[in-house]
Amino acid sequence: LEPEPTRTIGDDALRQIGTVALLSVLLGFVMQGFILAAKLAGGSAPAGVLFISDLAQGVTWSFFVCTGVSIGVFLSKARASVAGLIALASAPIAVAFAKSAQKTMNGILKVADQPAVLSLATISILRAIEYGILGWLLAKLVQQDSLKIDRYIGSGVLIGVVFGGAIAFLTYSSSVTMGTALTLPKTLGTV
């Protein structure tokens, strides 16, 4: 019998980060499905090519932000603040990559960019705070060796509802100020 190859901490980290990256791509597809369903329920069917560019944005966003949070949580076994800072930094980067992916896809599909209601800076700041808090919170749960999945899910849902609600409110308020009030499905689609 040959001895079983030894696994290193680096191997476990790469496996964990790779798993999170794969799950984040799946999350991007699922969330785009929810957004599409909300738009369809509100009577606002998006054009096929717009859906493709939105999908590119959603999947890119999920991949980069979830991978950043995963790296932060893995490295945070020493300190939760490290996870929060890494997640805080990864969110604006993920926003930039997601917007770039959407613009690239729009260029490929020859679709005009839709005017932004909220500035990229505003979205980046809100997402940085959101994911900084989420990364810190998840790292605290890891440090406590919490095995209760409902705590992780509850943390994500709570942070998502608070910040998603804030972004939806700011988006709607900005659209009203600009004189083009968004419908509820379109507002929720911006979260």
Side-chain angles (χ1 to χ4, degrees), residues 4-38 54-99 101 118 120-171 187-191:
E4 189 175 308
T6 57
R7 290 187 343 191
T8 65
I9 292 174
D11 292 339
D12 289 341
L14 287 176
R15 187 173 295 108
Q16 177 185 2
I17 291 166
T19 300
V20 169
L22 176 63
L23 291 173
S24 67
V25 170
L26 293 174
L27 175 65
F29 281 109
V30 169
M31 293 309 296
Q32 287 302 313
F34 285 141
I35 291 168
L36 176 62
D54 286 349
L55 181 65
Q57 177 187 4
V59 171
T60 303
W61 158 256
S62 295
F63 174 79
F64 282 105
V65 79
C66 292
T67 302
V69 170
S70 173
I71 290 168
V73 169
F74 184 81
L75 295 177
S76 73
K77 295 194 177 169
R79 291 195 174 154
S81 59
V82 171
L85 289 174
I86 291 172
L88 182 109
S90 69
I93 294 168
V95 168
F97 279 127
K99 286 295 179 187
L118 280 182
L120 193 57
T122 302
I123 293 171
S124 294
I125 289 168
L126 288 170
R127 292 295 187 194
I129 295 168
E130 175 183 10
Y131 282 90
I133 293 170
L134 181 62
W136 175 81
L137 199 55
L138 293 177
K140 285 300 242 185
L141 289 171
V142 168
Q143 286 177 347
Q144 295 171 359
D145 290 326
S146 178
L147 298 176
K148 295 182 178 181
I149 191 84
D150 60 327
R151 290 185 179 178
Y152 293 92
I153 292 171
S155 298
V157 168
L158 175 66
I159 298 295
V161 166
V162 168
F163 283 91
I167 290 170
F169 174 76
L170 290 172
T171 299
T187 301
L188 292 177
T190 64
V191 177

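This chain uses plain numbering: 1 for the first residue, then up along the sequence. Side chains included, hydrogens not; waters and symmetry mates left out as well; all remaining heavy atoms used.
- Within the 4.5 Å cutoff, side-chain heavy atoms of Trp61 are placed close to those of Arg127.
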Discussion item. For a side-chain contact (heavy atoms from CB on, under 4.5 Å) check, start with the C-alpha distance between Ser155 and Leu141, then their side-chain angles and the critical distance, and finish with the verdict.
Written reply: CA-CA 10 Å; Ser155 298; Leu141 289 171; 3.7 Å; yes
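- Annotation for Leu134 and Gly156: closest pair CD1-CA, 3.9 Å, computed over non-hydrogen atoms.
- Thr60 approaches Ala101 most closely through the heavy-atom pair OG1-CB, 3.4 Å.
- Side-chain contact between Leu126 and Leu170 is present, with at least one heavy-atom pair separated by less than 4.5 Å.
- With Ser90 contributing its side chain and Ala87 its backbone, the two residues share a donor-acceptor pair below 3.5 Å.
- Applying the side-chain contact (heavy atoms from CB on, under 4.5 Å) test to Ile153 and every residue at least two apart in sequence or in another chain returns Ile149, Val157.
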Counting only pairs under 3.5 Å, give me each side-chain donor-acceptor contact of residues 158-167, with atom names and distances, residues two or more places apart or in other chains.
none

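- Here the straight-line distance linking atom OG1 of Thr171 with atom CZ of Phe169 works out to 10.5 Å at 0.5 Å rounding.
- Residues satisfying the side-chain contact (heavy atoms from CB on, under 4.5 Å) criterion with Leu88, sequence neighbours excluded, are Ala128.
- To the nearest 0.5 Å, atoms CD1 (Ile125) and CD1 (Ile129) are separated by 7.0 Å.
- Under the rule for a ring-ring contact (aromatic ring centres under 6.0 Å, His included), the partners of Phe97 that lie at least two apart in sequence or sit in another chain are Phe64.
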